[in-house]
Amino acid sequence: MKVKPIVPRKQARVDVDEAIAYYLEAGPASVALGFIDALEQAYSHIAHHPGTGSPRHEHELGLPGLRWWALSRYPYLVFYIEQPGHIDVWRVLHGQRDVPLWMHKTDVPE
């Protein structure tokens with residue numbers, strides 16, 4: 001089995017930076033570090049097993065191949081599409097957000 005590299009889009013990197021900033025503000029640094037560890041574990045899982053993510057929002061959003069994987073111990077979801085040579089990470093969103101709205105909202109240009 002070939003492990004595919006994870007390639008986060010700019011907006012996904014902004015999402016992660018915002019989550020880390022929130023956790024650093026809200027509590028001890030260990031919580032933010034735990035988030036980073038959980039994200040790295042999710043990325044590793046997706047890189048090894050991209051087909052195991054949920055396709056729940058794929059048809060609703062009109063994004064063929066879109067899947068998501070939940071972080072352990074944190075309420076965030078990694079949205080991605082498997083490409084032939086890599087994993088294209090679109091967003092890293094809090095699970096309580098309106099996913100269809102936030103998937104199309106972007107604060108940074110690609």
Would you give the length of the straight line joining atom CG of D17 to atom CD1 of I20, rounded to the nearest 0.5 angstrom? 6.0 Å
Could you please spell out the steps behind the side-chain contact (heavy atoms from CB on, under 4.5 Å) verdict for V16 and Y76? CA-CA 10 Å; V16 170; Y76 280 81; over 6 Å; no
Partner residues of P5 under the side-chain contact (heavy atoms from CB on, under 4.5 Å) criterion, sequence neighbours left out: H86
In this structure, CG of D88 is separated from CZ of R9 (nearest 0.5 Å) by 4.0 Å
Do you reckon Y22 sits in the same ILVMFWY cluster as L77, going by side-chain contacts under 4.5 Å, direct or chained? no
Hey, are the side chains of Y23 and L33 touching, using non-hydrogen atoms and a 4.5 Å cut-off? no
More than 12 heavy atoms of other residues, nucleotides or ligands under 6.0 Å from CZ of R13: yes or no? yes
Where at least one partner belongs to residues 62-87, residue pairs that pass salt bridge (Lys or Arg N to Asp or Glu O under 4.0 Å), sequence neighbours excluded: K4-E82
Under the side chain to side chain donor-acceptor pair (under 3.5 Å) rule, what pairs show up with a residue in residues 35-46, not counting sequence neighbours? H45-T52
Is it the case that one hydrophobic cluster holds both V7 and I36, taking links as side-chain heavy atoms less than 4.5 Å apart, direct or via other members? no
Quick one: side-chain contact (heavy atoms from CB on, under 4.5 Å) partners of A38, sequence neighbours excluded? L71, Y74
Rounding to 0.5 Å, atoms CD (E18) and CD (Q11) come to a distance of 7.0 Å
Under the side-chain contact (heavy atoms from CB on, under 4.5 Å) rule, collect the residues that match up with I46, sequence neighbours excluded. I6, W69, V78, Y80, I87
Nearest heavy-atom neighbours spanning A47 and P50: O-CD, 4.1 Å
Can you hop from V31 to F35 via hydrophobic side chains spaced under 4.5 Å? yes
For the atom pair CD (E58) and CD1 (I81), what is the distance rounded to the nearest 0.5 Å? 8.5 Å
Indicate, with yes or no, if L93 and V89 share a hydrophobic cluster defined by side-chain heavy-atom contacts under 4.5 Å among Ile, Leu, Val, Met, Phe, Trp and Tyr. no
Can you label the angle between the H57 ring and the F79 ring as parallel, tilted or perpendicular, going by 30° and 60°? tilted
